[in-house]
Amino acid sequence: MADVIADPETDPAATYAVDPARVRALTARVIASGEDGELRTTTPLTGAPLAVLPVSSARDVAVAVDAARVAQQAWALTPVEHRAAVMLRVHDLLLDRQPELLDLVQLESGKARSHAFEEVADCAIVARHYARRAPALLRDTKHVGVLPMLSRAVEHHRPKGVVGIVSPWNYPLTLAVSDTIPALLAGNGVVHRPDSQASLTALAGAEIFAEAGLPDGLLQVVLGPGNPTGQAVVDHADYISFTGSTATGRRVAQSAGRRLVGISLELGGKNTMYVAADANLRRAVDGAVRACFSSAGQLCVSAERLVVHADVYDEFVPRFVERVSRMRLSTGLHWGAEMGSLASAEQKDKVLAHIEDAVSKGARVLTGGRARPDIGPLVVEPTVLEGVTSAMACRDEETFGPLVSVYRVHSDDEAVRLANDTEFGLNASVWTRDVRRGREIAGRIHAGTVNLNEGYAAAWGSVAAPMGGMKSSGLGRRHGREGLMKYTESQNITSQHLVGIAPLAGMSDRAFARGLTAALRVMKAVRMK
Ligand code: NAD
């Protein structure tokens, strides 16, 4: 499929474009009456027009939710092993369709190809993991009842119904596929509203689910702005999985609260990478480049505070700065670039504003700091600042771009204090040769994931364990047991045998209470749970 997309770097006569026929094929199943018009996207790589897309109105979203609800009734009755087999086929198709998926992710987000590949790998890992693990996690569980042997309790895991997923633009494939997989495996239908700037990738993901055998109608992709399209998903779904900024997350949570439906929120961060005195500096320098500049820093778990122990600061920082100044930047659809473009003019403006604000208040630019229109209209150099203070916006606000500030600390305790001195609590990393001490330091950082000797990919990719935010970085978790079970309702069905939970015929209340009191003492004595 990659041949529908041309790459000017290898074919100078070409422009970045997606064949309109391919766009029509991808959008064919989007429910959009046309009442809210259409939307036009451009690629951040060159600024060229990318696609004309239909818009789903609030009414269209209601229709999509109803259609998913109908398909969900039958899907919930299929054995979970059948659903898992679909996800294993999704795994294979994701890997097989890489060329087109990588092109689409790059064209929509502007990121480098290797960063787009992280998304393909992530989705495949999630598909394999949950396909293998869901049957056991979703199995009915027998529990000891109130009267042992006589009360038999069974816990069932029912799907929520229709899960609404609302996601931003920074990880077009991951955010389309990796939350959808566990929601579907749990027996739900899904209505996904991707950011407009991630629409084609989300539709290509939906096409893969369909080819893998997902029933018609079960997964609906609706397109359009956050309001009304995203808001309509929030207003109609039985459970909401929202990824985005903390400010929008709070608003979406209020909507969910009014309807009393469950919600998980994956929100912003201000993540610290701590280089301890005994760190392997060669590994830490390379790791810092990945931690700070992957997807041009438009990654919720990327590091924006680089905290370095004074014992190694004067060696680490110059090595890091030198390495950053040599990074290969490109807007090409080929491998080999270390950083691509920012995704939008708003992102570019925000990054440059944070740099300007810090510099005007006395921060020093160690490398980078400039826009690079010679490479791409939205490219900003990977930038390292020193001397950042709390008077500067980039000390505490999430920049969400290729901007990192370095801080000198004199102890692990001071590093932990700085890492925790933020409203956010998403991700952190600790770099040390002493893994036991590293785990101890990590345990004192208030973040949902902490990586040792890797910036983010270790914890993110270890999908058997949960990830998500503490404090203002979110509610709930993706990945792990919780990342599947949040899409279910627990139901307790208990049968009572032979006698009721009441005095036997002719027995007084008092005798019943006395008998039950004795029985409770025995149950404790025999260590019953
Ligand atoms: P944003 O909050 O502005 O928007 C997120 C999405 O919500 C957008 O697609 C937007 O159109 C939509 N939206 C806006 N109003 C809405 C409403 N009323 N109802 C439903 N949807 C609505 O965030 P953004 O700037 O697009 O994305 C970047 C943010 O996302 C950063 O803060 C980043 O840290 C965060 N993020 C977090 C994670 C995570 O896993 N924690 C992952 C990726 C991005």
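As the structure lists them, so they are numbered: ligands from 1, and atoms in each ligand from 1. Fair warning: this is a prediction, and the values are worked out from it, not measured in the lab.
Of all the heavy atoms in G448 and M470, the pair that sits closest is N-CG, 3.9 Å. Residues V380 and M339 share a closest heavy-atom pair of O-CE, 3.1 Å. In plain terms, the two heavy atoms of T488 and A186 that are nearest each other are CG2-CB, 3.8 Å. Between L200 and E108, the shortest heavy-atom contact is N-OE2, 2.8 Å.
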Walk me through whether E304 and K270 qualify under salt bridge (charged side-chain N to carboxylate O under 4.0 Å, His left out). CA-CA 6 Å; E304 295 193 357; K270 191 74 195 174; 2.7 Å; yes
Could you walk me through whether D396 and R305 pass the salt bridge (charged side-chain N to carboxylate O under 4.0 Å, His left out) check? CA-CA 9 Å; D396 295 314; R305 287 178 176 176; 2.8 Å; yes
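Contact annotation: for L426 versus ligand 1, heavy atoms closer than 4.0 Å belong to the side chain alone. Contacts between E398 and ligand 1, counted as non-hydrogen atom pairs separated by less than 4.0 Å, involve the side chain only. Contacts with ligand 1 closer than 4.0 Å are made by no heavy atom of Q298, backbone or side chain. When non-hydrogen atoms are compared, ligand 1 lies under 4.0 Å from neither the backbone nor the side chain of S255. Contacts of Y171 with ligand 1, taken as heavy-atom pairs under 4.0 Å, are absent altogether. Contacts between N170 and ligand 1 below 4.0 angstrom, taking non-hydrogen atoms only, involve the side chain exclusively.
With ligand atoms numbered from 1 in the order given, ligand 1 contributes 32 (O), 34 (O) to contacts under 4.0 Å with heavy atoms of G268. Per-residue contacts place F242 under 4.0 angstrom from the following atoms of ligand 1 (heavy atoms of the residue considered): 5 (C), 7 (O). Near D195, meaning under 4.0 Å from one of its heavy atoms, ligand 1 places the atoms 8 (C), 9 (O), 11 (O). Residue contact check: R193 has heavy atoms under 4.0 Å from atoms 8 (C), 9 (O), 10 (C), 11 (O), 12 (C) of ligand 1. Atom numbering of ligand 1 starts at 1 in the shown order; those under 4.0 Å from a heavy atom of W169 are 24 (P), 25 (O), 26 (O), 27 (O). Within ligand 1, counting atoms from 1 as listed, the ones closer than 4.0 Å to a heavy atom of T243 are 5 (C), 36 (N), 37 (C), 38 (C), 39 (C), 42 (C), 43 (C), 44 (C). Counting atoms of ligand 1 from 1 in the listed order, those under 4.0 Å from a heavy atom of S167 are 9 (O). Close contacts of ligand 1 with G230, meaning ligand atoms under 4.0 Å from a residue heavy atom, involve 19 (N), 20 (C), 21 (N).
The protein atom (non-hydrogen) at minimum distance from atom 35 (C) of ligand 1 is G244 O, 3.1 Å. Of the protein's heavy atoms, V166 CG1, 3.4 Å lies nearest to atom 21 (N) of ligand 1. The protein heavy-atom contact nearest to atom 23 (O) of ligand 1 is S245 N, 3.3 Å. Here the heavy atom of the protein found nearest to atom 18 (N) of ligand 1 is Q231 OE1, 2.8 Å. Of all protein heavy atoms, the one lying nearest to atom 13 (N) of ligand 1 is G226 CA, 3.5 Å. When hydrogens are left out, the protein atom nearest atom 28 (C) of ligand 1 is F400 CE2, 3.6 Å; that is the closest non-hydrogen contact.
For R478, a nitrogen or oxygen atom sits less than 3.5 Å from a nitrogen or oxygen atom of ligand 1, counting backbone and side chain alike. The N/O atoms of T248, backbone and side chain alike, include one that comes under 3.5 Å of an N/O atom in ligand 1. Checked by distance only, ligand 1 and L267 come closer than 3.5 Å through their nitrogen or oxygen atoms.
We find that E207 and R29 are not joined by a salt bridge, their nearest charged nitrogen and carboxylate oxygen being 4.0 Å or further apart. Salt bridge status for K361 with D357: present, with a side-chain N to carboxylate O gap under 4.0 Å. Comment: D103 does not engage R97 in a salt bridge, judged by the lack of any side-chain N to carboxylate O separation of less than 4.0 angstrom. Under a 4.0 Å N-O distance rule, the pair E381/R370 qualifies as a salt bridge.
Taking the centre and axis of the six-membered ring of Y171, the NZ or CZ atom of K111 falls inside the cone set by 45° and 6.0 Å.
Interatomic distance, CD of E35 versus OG of S56, reported as 10.0 Å (0.5 Å rounding).
Remark: Y239 pairs with Y487 by the ring pair (Phe, Tyr, Trp, His ring centres under 6.0 Å) rule, at least two apart or across chains.
Considering each of C300, G164, P168, S264, the one bringing a non-hydrogen atom nearest atom 27 (O) of ligand 1 is P168.
Annotation: E38, atom CD; neighbour count of heavy atoms from other residues, nucleotides and ligands within 6.0 Å is above 12.
For E346, the heavy-atom gap to ligand 1 stays at 4.0 angstrom or more.
Looking only at side-chain heavy atoms (C-beta outward), T449 and L426 stay at 4.5 Å or farther from each other.
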